[in-house]
2 protein chains.
Amino acid sequence: MHTGEAMAVKGGGDEHDRGRDTRSRLRELALKLFAEQGYEKTSLREIAERLGVTKAALYYYFKSKEDIVRSLVEDYVAELDELIAWGKAQPATAATRAEIVRGYLHIVASGTEVFRMLHQNQAAVASLASAKERGELIRERMDALTDLLTEPAGTLRDQVRAASCLMSVSYCCMRFHDRVASAAELEKAVLDVALELADAAPADAPA
Amino acid sequence: MHTGEAMAVKGGGDEHDRGRDTRSRLRELALKLFAEQGYEKTSLREIAERLGVTKAALYYYFKSKEDIVRSLVEDYVAELDELIAWGKAQPATAATRAEIVRGYLHIVASGTEVFRMLHQNQAAVASLASAKERGELIRERMDALTDLLTEPAGTLRDQVRAASCLMSVSYCCMRFHDRVASAAELEKAVLDVALELADAAPADAPA
DNA sequence: GTCTATAGACGGATAGAC
DNA sequence: GTCTATCCGTCTATAGAC
């Protein structure tokens, strides 16, 4: 599914498995710490220590701290871009919108930990050079997807529904990820709610 | 509405107004920078410079950088706690849930910039000492409110709806705050969508 | 209330040996 | 591939004069 950089994040595993190659362990641990403690609070010294190597060793694999994040995120950004490109080429029907929601859910669900990191470090990640070059990574993509979920002549309420729909997907995937028995069950519940929001029922304001 | 610490964040105003007292200007500028650039990326040096004073002067007003955040946030946390306490004392009816959503919207809308800061710096703020003492500030409150919006025997789908409802309110208030003509119009649209999610229509899954 | 000066720690990053 | 050693910048915070 991914091009090779990304891998599943092992659940309970810690950093004492010297067996695997350093690069994988480094990526895995960095992702975990960035998501848990924050990007700026996590120093390369801490990563190196817990990995059982020195800081200098990290620079053999990544040219900078920021480069680690880039490596963690790039595949998912590419998937979002694919989805957006596909959506733009489709007719703006309810069926297309549903398919976009499903696609977005699929992407988020396959990279929960990465999206958790992005969500918890928005300010820090946004001010990364690679983020600025490539268009703020997340924000622009969310805007594009929101547009695709909104009818051309959409009202503010429709835009709110569309934005809520996407936010609901990413937020709930992260929030309930560790509180639920089966991932499939969660995805189904999230999809249900998101599709409701995306379908934008004509005009029956209940308030 | 607030106890005196909080004040409205002036819109376009910058930092060149030496007229007002330093403490207010400090709080205002810090909030702006924390929200825009992130808590960790914003140094006291930068705040002091743009304020036209020295770093040392800041320590006359706040005993630490973290203390500035505490001062910015505490009133809103108190309001959330009030809402939660009120909700727990009410019968678990649909009317109560609607009132909780309205209350939450009101709190968020009255402190958009503060919530934007919290949202953009979740990892950084969560690892603050004051956050750990007082129970992670936001996360626990969101959990409590989600519970109040969910029937005791709620399904996962109901929990997802409740979580989406709250997230939708805070996220959309922030996201559309500067893209909309009137704040009242935005609040109405957000409330519409949120109430739909909170009412948790019985069982008509559209998928 | 605000300043100058500085302590003291920690951060990312690099050079060069092995 | 990994290490030792080190550079240099920045940060929070404090002491003490005015």
Side-chain angles (χ1 to χ4, degrees), chain A residues 5 15-31 33-34 36-73 117 121 123-133, chain B residues 15-31 33-34 36-72 117 121 123-133:
Chain A
E5 279 274 51
E15 53 277 4
H16 307 296
D17 44 356
R18 290 297 303 254
R20 283 194 355 279
D21 55 313
T22 304
R23 188 186 161 94
S24 295
R25 294 168 53 230
L26 167 47
R27 278 170 48 89
E28 194 171 314
L29 178 62
L31 176 56
L33 294 181
F34 290 164
E36 277 176 9
Q37 317 178 332
Y39 174 73
E40 325 248 17
K41 274 283 245 189
T42 304
S43 64
L44 296 182
R45 184 189 52 73
E46 177 175 8
I47 294 177
E49 262 174 24
R50 297 182 60 163
L51 228 41
V53 299
T54 61
K55 269 194 299 177
L58 308 187
Y59 283 91
Y60 175 79
Y61 299 99
F62 298 97
K63 71 174 196 293
S64 67
K65 184 182 183 185
E66 175 168 344
D67 194 43
I68 300 176
V69 173
R70 202 194 44 70
S71 143
L72 255 14
V73 164
M117 179 194 73
N121 294 282
V125 170
S127 60
L128 259 36
S130 52
K132 290 177 177 168
E133 289 162 19
Chain B
E15 53 276 4
H16 307 297
D17 45 355
R18 288 300 300 257
R20 282 192 358 277
D21 55 313
T22 303
R23 188 187 161 92
S24 294
R25 293 168 53 229
L26 167 47
R27 279 169 47 89
E28 194 171 313
L29 178 62
L31 176 56
L33 294 181
F34 290 163
E36 278 176 9
Q37 315 179 334
Y39 173 73
E40 326 246 18
K41 276 281 242 188
T42 304
S43 65
L44 296 182
R45 184 189 52 72
E46 177 175 8
I47 294 176
E49 261 173 24
R50 298 181 60 164
L51 229 40
V53 299
T54 62
K55 270 193 298 178
L58 309 186
Y59 283 91
Y60 175 80
Y61 298 100
F62 298 98
K63 69 174 198 294
S64 68
K65 186 183 181 184
E66 176 170 343
D67 193 44
I68 300 176
V69 174
R70 200 194 46 69
S71 143
L72 255 15
M117 178 194 74
N121 294 283
V125 170
S127 60
L128 259 36
S130 52
K132 291 178 176 167
E133 290 162 18

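- Checked by atom type and distance alone, the side chain of Glu66(A) pairs as donor or acceptor with a backbone atom of Ser130(A) at under 3.5 Å.
- In the set dA15(C), dA13(C), dG1(D), dG1(D) carries the atom at the smallest distance from any side-chain atom of Tyr60(A).
- In this structure, Glu49(B) atom CD and dC3(C) atom C1' are separated by 15 Å, rounded to whole Å.
- Relative to the side chain of Ser43(A), the nucleotides dG12(C), dT2(D), dT12(D) differ in distance, and dG12(C) lies closest.
- Arg23(A) places its CZ atom 11 Å from the P atom of dG1(D), with the value rounded to the nearest Å.
- The listed nucleotides are dA15(D), dT14(C), dT12(D); the one nearest the side chain of Ala56(B) is dA15(D).
- Atom-to-atom, NZ of Lys63(B) to C1' of dT14(D) comes out at 15 Å; the value is rounded to the nearest Å.
- One finds the CG atom of Leu26(B) at 11.0 Å from the CZ atom of Arg20(B) (value rounded to the nearest 0.5 Å).
- Between the side chains of Ser127(B) and Gln37(A), no donor N or O sits under 3.5 Å from an acceptor N or O.
- The side chain of Val53(B) sits closest to dC3(C) out of dC3(C), dA13(C), dT12(D).
- Applying the side chain to side chain contact (heavy atoms under 4.5 Å, CB included) criterion to Lys63(A), with sequence neighbours excluded, gives Asp67(A).
- As a whole-Å value, the separation of Leu44(A) CG from dC7(D) P is 20 Å.
- Side-chain N/O atoms of Thr54(B) include none lying less than 4.0 angstrom from OP1 or OP2 on dT2(C).
- With hydrogens and angles ignored, no donor-acceptor pair closer than 3.5 Å exists between the side chain of Lys65(A) and the base of dG11(C).
- Taking atom CG of residue Leu58(B) and atom P of nucleotide dC11(D), one finds them 13 Å apart after rounding to whole Å.
- Asp67(B) places its CG atom 14 Å from the P atom of dT12(D), with the value rounded to the nearest Å.
- Note on Thr22(A): a side-chain N or O is less than 4.0 Å away from OP1 or OP2 of dT2(D).
- Test Thr22(A), Asp21(A), Ile68(A) against Tyr61(A) for side-chain contact (heavy atoms from CB on, under 4.5 Å) and you get one pass: Thr22(A).
- Distance CZ (Phe62(A)) to C1' (dT2(D)): 16 Å, rounded to an integer number of Å.
- OP1 or OP2 of dT2(D) lies within a sub-4.0 Å distance of a side-chain N or O belonging to Tyr61(A).
- Between Tyr59(B) atom OH and dC3(C) atom C1' there is a gap of 15 Å when expressed in whole angstrom units.
- OP1 or OP2 of dC11(D) has at least one side-chain nitrogen or oxygen of Arg45(B) nearer than 4.0 Å.
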